[in-house]
Amino acid sequence: MHAFRRHPRLGYLAAIVAGILTTLSAAPFMLWWLAPVAAGLLYAGLSDSTPRQAAWRGWCYGLGLFGTGVSWVYVSIHDYGYTGVPLAIALTALFVAAMALFFAVTLGLYRRLCGPRLDVITFAGAWVLGEALRTWLFTGFPWLLLGSGQVDSPLASWAPLGGVYLLSLVTALSGALGVQLLRRRWWCALPLAGLWLIPLALPTHWTQPAGDPVRVALLQGNLSQHIKWTQQGQRTAIDTYLRQTRQLDGAPLDLVIWPEAALPMFEDRAAPIIERAQASLADETQLLTGILQRDAQGLFYNSVVGRNGVEGEYRKHHLVPFGEYLPLESLLRGAIAFFDLPMPAMTPGADEQSPMVAAGTRIGNAICYEIIYADLVADQARQSEVILTLSNDSWFGDSLGPQQHLQMARLRALENGRYVVRATSNGVTAIIDPRGHITKRLPQFETATLIGEFTPMEGLTPFTRTGSWPVWLLGLGMVLAGVRGRRS
């Protein structure tokens, strides 16, 4: 590792490689074992780095991670934002470079504040605090967290205890301990073994069924995003979802679910169409759909509503910047086509919203992007028996995005011990069980209907009860131990 001190550029190259390995640890590659390798590769040599060099290594890691892992940003800007190739590349590069600054700040401060004593635990603690910062600062972007790719690994059983951030902490700690073990620090073998063996003794079920299985049909219309908000797109959406719903006539179903903004129009105009769809179903079958709403004050919402006795509605709380609202709108709107939203800017729903009730089941909601926020979903899970996530992943195109999005939904199911029912516009539509396993799914880019079932679940995992705060505080304590060790 002294080579990094003599040749800092080797450290920067290793950091870029570590970022690429982290992308490979997540969906669709699923090479989960590469995540601790990536963390170890980044950790190695940090003790020989100056704070400035550590910050550069962090930034290079972010370039490798986001440069390979969020290719869908380019797809959204170029393919659906009608932006030319040079400008789309420039905007994507700017986004990647800006997001990489989170790792630069994390590792720069880690190296400046923490000494070599306890550097194994301070590295893992700093990593978790950096991810917490990335989750909430500037509306947050908790995409490709280090622990996200561990849903299929032996570490997965940590998730119901502390969520994705505990998985990140354990993964980063494993990487650092592994490096020390390669340096013949044999004491590292015991804690490293504990991190990987303790999950074998943890409960596999934290929750239990709260009722009979619910039969559900998830409709995937596979409508073109290019024409969705045109008159032709509206007619196509109406014809598609009415036809798919009518084809369910006579099927023994409790719920029929359409995806996010299935009909590209406001609820007041869509209401007669939804009623026609409901009328074609059996009397006991209820219909849920994503829809845009507008109120008397002229505010607009991205919502989930129901028919045939469904109680309540849900309005999306955590909106997507540049997708559902435009920051600095007076300056940016009209500058380039990408900034011209195809629909009015949305208003966030209330912080506290009661679960919807359909098919006798309390339903917590997370619309599209919201499913990547572990604590937001845990808030919904505390009051509900199933999590419903409606999404329009057409913006991702044929990129890594939909598979990564699905993997994060799987982790939310595991964290909370709840089924996650996922209805999307063009994939990946799926039903996920409380252990994060996909029980049924549809192929992408097909007009199709998934018929399956989920079981309402009751009881709370430790993570659902507390959220991420205990792990964040643990990370802070680990960093403070390193700061104190530097001063002593």
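Count residues from 1 along the sequence.
Of all non-hydrogen atoms in Tyr373 and Gly140, the two that sit nearest each other are OH-O, 2.9 Å. Scanning all heavy atoms of the two residues, the minimum distance from Thr23 to Gly64 falls at OG1-O, 4.3 Å. Across all their heavy atoms, Leu107 and Gly58 have their closest contact at CD1-CA, 3.6 Å. In terms of heavy atoms, Pro199 sits closest to Pro154 at CB-O, 3.3 Å. Closest heavy-atom contact between Gly19 and Thr68: O-OG1, 4.4 Å. For the residue pair Ser47 and Asp119, the shortest heavy atom distance occurs at CB-OD2, 4.3 Å.
Pairs passing the ring pair (Phe, Tyr, Trp, His ring centres under 6.0 Å) check and including a residue from residues 398-417, sequence neighbours excluded, read Trp143-His405, Phe396-His405. Pairs of residues two or more places apart, or lying in two chains, never qualify as salt bridge (charged side-chain N to carboxylate O under 4.0 Å, His left out) while including a residue from residues 61-73.
One finds the CD atom of Gln225 at 9.0 Å from the OG atom of Ser76 (value rounded to the nearest 0.5 Å). Atom CZ in Phe103 sits 13.5 Å away from atom CH2 in Trp59 (nearest 0.5 Å). A distance of 9.5 Å separates CG of Leu113 from CG of Leu480, quoted to the nearest 0.5 Å. Distance CD1/Ile367 to CG/Asn302: 4.5 Å, rounded to 0.5 Å. Atom CZ of residue Arg57 and atom OG1 of residue Thr50 lie 11.0 Å apart, to the nearest 0.5 angstrom. How far NZ of Lys316 is from CG of Leu376: 10.0 Å, rounded to the nearest 0.5 Å.
Shown here are the side chain to side chain donor-acceptor pair (under 3.5 Å) partners of Ser153, two or more places apart in sequence or in another chain: Gln150. Applying the salt bridge (Lys or Arg N to Asp or Glu O under 4.0 Å) criterion to Asp152, with sequence neighbours excluded, gives Arg410. Among residues two or more places apart in sequence or in another chain, the salt bridge (Lys or Arg N to Asp or Glu O under 4.0 Å) test is passed with Glu313 by Arg315. For the salt bridge (Lys or Arg N to Asp or Glu O under 4.0 Å) test, no residue two or more places apart in sequence or in another chain qualifies with Asp375. Residues passing the salt bridge (Lys or Arg N to Asp or Glu O under 4.0 Å) test with Arg412, sequence neighbours excluded: Glu415. Every side-chain contact (heavy atoms from CB on, under 4.5 Å) that Val357 has, sequence neighbours left out, goes to Glu311, Arg362. For Trp469, the ring pair (Phe, Tyr, Trp, His ring centres under 6.0 Å) partners are Trp472, not counting sequence neighbours.
Residues Arg418 and Pro434 have side chains not in contact (no heavy-atom distance under 4.5 Å, counting atoms from C-beta outward). When side chains are defined from C-beta on, Trp206 counts as touching Pro462, because their heavy atoms get closer than 4.5 Å. Contact check for Ile387 versus Val421: no side-chain heavy atoms found under the 4.5 Å cut-off. A 4.5 Å side-chain heavy-atom check between Pro355 and Ile363 finds every atom pair outside the cut-off. Within the 4.5 Å cutoff, the side chain of Gln220 has no heavy atoms near those of the Pro259 side chain. Side-chain contact between Met478 and Val128: absent, with no pair of heavy atoms (C-beta onward) separated by less than 4.5 Å.
At a cut-off of 3.5 Å, with distance as the only test, no side-chain donor of Thr424 or Asp393 sits close to an acceptor on the other residue. Residues Thr22 and Tyr61 bring a donor and an acceptor atom of their side chains to less than 3.5 Å of each other.
Applying the side chain to side chain contact (heavy atoms under 4.5 Å, CB included) test between Trp127 and each of Val479, Thr122, Leu42 identifies Leu42 as the sole match. Each of Leu414, Leu406, Val151, Leu411 was scored for a side chain to side chain contact (heavy atoms under 4.5 Å, CB included) with Ile432, with one residue passing: Leu406.
Under a cut-off of 6.0 angstrom, the local environment of CH2 in Trp56 is sparse, with at most 12 non-hydrogen atoms contributed by other residues, nucleotides or ligands. Counting heavy-atom neighbours within 6.0 Å of Arg52 CZ, excluding the residue itself, gives a total of 12 or less.
Side-chain atoms of Arg134 come within 3.5 Å of backbone N or O of Phe141 as a donor-acceptor pair. Distance alone, capped at 3.5 Å, is enough to place a donor-acceptor pair between the Asp433 side chain and the Arg435 backbone. A distance-only check finds a donor-acceptor pair linking the side chain of Gln380 to the backbone of Asn365 [under 3.5 Å]. Counting only distance, with no hydrogens or angles, the side chain of Glu370 and the backbone of His317 share a donor-acceptor pair below 3.5 Å. Under the 3.5 Å distance criterion, the side-chain polar atoms of Thr464 are left unmatched by any main-chain donor or acceptor of Leu460. Judged purely by atom type and a 3.5 angstrom limit, Thr429 has no side-chain atom pairing as donor or acceptor with the backbone of Ser425. With hydrogens and angles ignored, the 3.5 Å screen pairs a side-chain donor or acceptor of Gln404 with a backbone N or O of Gly69.
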Using residues 84-97 as the side-chain source, report each donor-acceptor pair under 3.5 Å to any protein atom, sequence neighbours left out, with the distance given to one decimal.
residue: Thr92; atom: OG1; partner: Ala88; partner atom: O; Å: 2.8

Side chains of residues 436-445: which donor-acceptor pairs under 3.5 Å do they make with residues two or more places apart or in other chains?
residue: Thr439; atom: OG1; partner: Ile431; partner atom: O; Å: 3.2
residue: Lys440; atom: NZ; partner: Ile451; partner atom: O; Å: 2.6
residue: Gln444; atom: OE1; partner: Gln403; partner atom: NE2; Å: 3.0

Anything under 3.5 Å between a donor and an acceptor, one on a side chain of residues 157-181, the other on a protein residue two or more places apart or in another chain? List them.
residue: Trp158; atom: NE1; partner: Leu195; partner atom: O; Å: 3.0
residue: Tyr165; atom: OH; partner: Thr135; partner atom: OG1; Å: 2.5
residue: Ser168; atom: OG; partner: Glu131; partner atom: OE1; Å: 2.7
residue: Ser168; atom: OG; partner: Glu131; partner atom: OE2; Å: 3.4
residue: Ser168; atom: OG; partner: Gly147; partner atom: N; Å: 2.8
residue: Ser168; atom: OG; partner: Val164; partner atom: O; Å: 3.3
residue: Thr171; atom: OG1; partner: Leu167; partner atom: O; Å: 2.7
residue: Ser174; atom: OG; partner: Val170; partner atom: O; Å: 2.7
residue: Ser174; atom: OG; partner: Trp196; partner atom: NE1; Å: 3.0
residue: Gln180; atom: OE1; partner: Arg185; partner atom: NH1; Å: 2.9
residue: Gln180; atom: NE2; partner: Tyr43; partner atom: OH; Å: 2.7

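Aromatic pair Trp395/Tyr369: ring centres not closer than 6.0 Å.
Note on ring orientation: taking the six-membered ring where Trp is involved, the planes of His318 and Trp136 are tilted (angle from 30° to 60°).
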**Asked** Should Val471 and Phe463 be marked as a side-chain contact (heavy atoms from CB on, under 4.5 Å) after you check the CA-CA gap, both sets of side-chain angles, and the distance that decides it?
**Response** CA-CA 10 Å; Val471 179; Phe463 173 74; over 6 Å; no

